[in-house]
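Chain naming here is simple, since letters A, B, ... match the order of the sequence lines and numbering starts at 1 in each. Side-chain atoms are counted along with the backbone in the values below, which use heavy atoms only and exclude waters and symmetry mates.
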Amino acid sequence: MLRIHNGLIYDPANAVNGEAGDVIIHDGVIVSGAGLSEKQKRDMETIDASGCAVLPGGVEIHSHIAGAKVNNGRILCPEEHRSHVSARTSLTRAGCGLCVPTTFRTGYLYSKLGYTTIFEAAVPPLEARHAHEELMDMPLLDKGCYTVMGNNHLVMQVLKDPDRAARKERLRELASWLLRASRGYAVKVVNPGGVEDWKWNAGAADLDTPTPPFGVTPRQIVTALAEAADELKLPHSMHLHCNHLGEPGNLETTLATMRALEGRRVHYTHLQFHSYDKTKKGGFRSGAARIAEYFNKHPEFTCDVGQIVFGPTLTMTSDAPMEFKLFQMRKGKWASGDIEMESGSGIVPISYAPKILVNAIQWSVGLELMLLINDPWRIFLTTDHPNAGPFTAYPEIIKLLMDADYRMSWLEKLHPRVRRATGLFEITREYTLEEIAIITRSGPARALGLAAKGHLGAGADADVAVYRLDQDRRAMFSRPVYVLKGGAVVVRDGEIVDTPNGRTLCVDPEGGRSLPQDLAETFDGFYTVKMANYMVEDEYLERPEVVPCG
Amino acid sequence: MKTSAHLTLIAAPDLPVEAESLLPEHISGKTADEILAMPLLVGNRMETVGERFTVSVVEEGGDGPAELTLTGDLTRFKRIGEGMTGGRLVVEGSTGFHAGAMMSGGELVITKNAGDYLGAMMSGGRIVVRGNAGHFAGAAYRGFNRGMSGGLIVIHGSAGNLTGARMRRGIIAVRGACGDLAGFGMGAGTVIIGGEPGVRAGANMARGSVIMMTRPKEIMPTFRYNCAGRPGMWPLFSALLARADCVFPEAGPETVFESYSGDFNEGGRGEILLRRSPL
């Protein structure tokens, strides 16, 4: 048994807020110390956490860390790797990269921030094998991936069915089959219909624009898939990247999507990129206040923020048309992928600068959302790594949230007109440590339906992060004193001391054991691979763990 | 106090060596023992300079920049002079890849041959190679879109492919032959080739100049002939290069050059100047 002694425990899921106490660990699980005598406790191996905050291990709900597009990003940006190199040690492998780090280095970097669970945000089933191979090479983390379905031909073929009842039943079966085929964790929808629309050169998809060649609208896609995710009782709701990402005035689309999905569990991802208003002349301005006002009234929704981080990074997404637009604006490097009948993808390097007005507004919008959405259990800290910036910037963002003076000090570094376009600098709210614990671990764990993550109660996985208390919150969260993964100390004083492999989290929903005849014929007729080479087999998952549905 | 150090290689190593620590600014004010204790990554093992070199140090009067001389077969030594900011570094022998890469000041002299990526992405200073250089001299590293952005590279022998690729400023003078795609994608600066140029010199150049003393097999079809004349800058260039001991005797101040504009795939604002051979 192991005891983390005398730390200030922040465990919001169990309503513990900075109380001094012990966390007892046995066999990789947190156990209650209630029946243990003082002597028994003293005799345990003990970590002295005096002067430290003890939090559950971080849970990353949305990050692009593995799979084909991430690998293409690595190939596209060798310069990014040249400037960030870590040498091999007796424990760790050599690696490089910051925005698209190599696989092992990704595990090390997350772990050094106190994160222990992570989800790859977009995996088309066709490329799921690649994603799982890379995820297996990420030590120190439990991980999973979301299965992209929003532009899938089979999904749209089913949605074309005029028989409502049959359509619903068949879509549920298909979603289940796709999740099993890809060993995915949740239904991911990226620019529903929009990617397919772009492939047919039909322009940008609005919520009611029929998507060729099926004539299905994005509204039909999102409502049907949200319903399927609910009926399958998946632990995580539909994970939605709305249409028109990054465009001025896109909050109207976002609000229309939210209205269409009212009453259903939905997770809106990187909401910052979807919360832009526009001026009468078509200029760019923040729409965070309107989004937050609506969002606050709908407890069925969750979101992550996708906070902008100033500096160079790499945008990569299944939203291929958005990346094409970005490329046309920048005329730099661009990679695009056509994922056959499932999706697309694009990669464009970018640099966010505080003196560029649009970037400064984007930066403000993310912070506004986090400060205006009242319930920290429904908004989570992400940078949509690496799209808005690398996840290594989390300590800086935490400082911005916890220190209003520091936030205000940024005003002079930003474009002078930013104050007119956002309301950020009128907000005085400061996050507490408890709220930081919620938006970085307890909240995401709850939204993901991970009962054993994000808290320090009895029965929880012994994933724990211990930070030395420091008024400089950036310094505090940059270098945990201890990180424990499954009860083993893996980081001590900010350095990796052990490298156990984590588990792959996936779901096993009801139904969907095989593909119906007509869809199987479509598959055989149009895919470039045979079904036998498509499914993710057991050997792609070293330590699978099925998270129960329902 | 000006420090001059002379390091002599004991034996050529079997493994590649990362030698970016061997810079004049790193030895300035150091004793022989301190220099011998400096780190040197040999293969994947960190060694000291003393395990590979003998050293002699001379402290001279005055405040001049440090001077470091390396003697021996250093072809397995990579990154010699990388990031150099001042002083003088003389290699009496050949070097491996990345010599003088990203240097911003000082002078690097290599008495024999240099490997690939000589002076890659350098921003200032001067490199003189008495022998040949490999590929990518003064070029951008993969993924970067700006190569050499200042300074001077003189190669008395021949150079490999993609010399000056994506360069943005500065001068590269190759006295001998040059490989393919010299000045590829350059945005500014000058590449001068004395010997036979390879194919597609100036391909994708947006601006800048490629000056050739020897007629290539063909000028790319995306270049257009303008005129022949005596460019006013050539005598200045010639004098500048002469000060670096690089002379093009076939091209005196009155030499006539044919001017071609291109690459028209990239707007056509670059130029190739081709020395017109006397009739």
Side-chain angles (χ1 to χ4, degrees), chain A residues 64 69-102 104-105 108 311-316 323 326-337 346-353 386 390 495-496 499, chain B residues 15-21 39-48 78-79 82-83 97-104 116-123 135-136 138-149 162 165-168 184-187 204-207 263 265-269:
Chain A
H64 298 276
K69 69 178 180 306
V70 177
N71 216 29
N72 284 336
R74 293 184 186 116
I75 294 164
L76 190 69
C77 291
E79 76 279 13
E80 205 265 334
H81 285 195
R82 188 180 163 78
S83 48
H84 299 91
V85 179
S86 51
R88 191 183 72 160
T89 69
S90 58
L91 273 174
T92 59
R93 297 199 188 198
C96 57
L98 182 71
C99 300
V100 274
T102 46
F104 282 87
R105 187 171 146 87
Y108 305 147
T313 189
L314 197 62
T315 61
M316 56 170 64
E323 293 287 5
L326 204 54
F327 159 68
Q328 286 181 311
M329 281 162 55
R330 300 181 60 82
K331 303 290 183 198
K333 290 192 279 190
W334 168 56
S336 189
I347 306 165
V348 174
I350 195 172
S351 187
Y352 299 108
E495 298 302 325
I496 305 285
T499 57
Chain B
L15 296 167
V17 181
E18 305 284 325
E20 78 279 14
S21 60
L40 200 62
L41 186 64
V42 180
N44 61 5
R45 202 166 69 87
M46 192 61 79
E47 296 186 1
T48 61
K78 298 187 289 183
R79 304 165 69 190
E82 183 185 273
F97 290 0
H98 313 293
M102 293 187 280
M103 67 185 275
S104 57
D116 294 353
Y117 292 104
L118 172 78
M121 294 175 67
M122 68 185 281
S123 58
H135 304 306
F136 303 106
Y141 280 116
R142 299 231 167 127
F144 291 94
N145 57 13
R146 293 174 66 88
M148 174 180 183
S149 59
L162 288 153
R166 300 192 186 283
M167 67 187 285
R168 288 293 184 272
F184 172 83
M186 65 194 291
N204 288 78
M205 69 194 295
R207 297 184 80 116
D263 183 329
N265 282 334
E266 304 291 337
R269 289 180 295 172

Under the side-chain contact (heavy atoms from CB on, under 4.5 Å) test, residues paired with B:A99 that sit two or more places apart: B:T95, B:L108, B:I110, B:L118

CZ (A:F327) with more than 12 external heavy atoms under 6.0 Å: yes

Can you pull out the donor-acceptor contacts between chain B and chain A, under 3.5 Å, including backbone atoms?
residue, atom, partner, partner atom, Å
B:G143, O, A:K333, NZ, 2.8

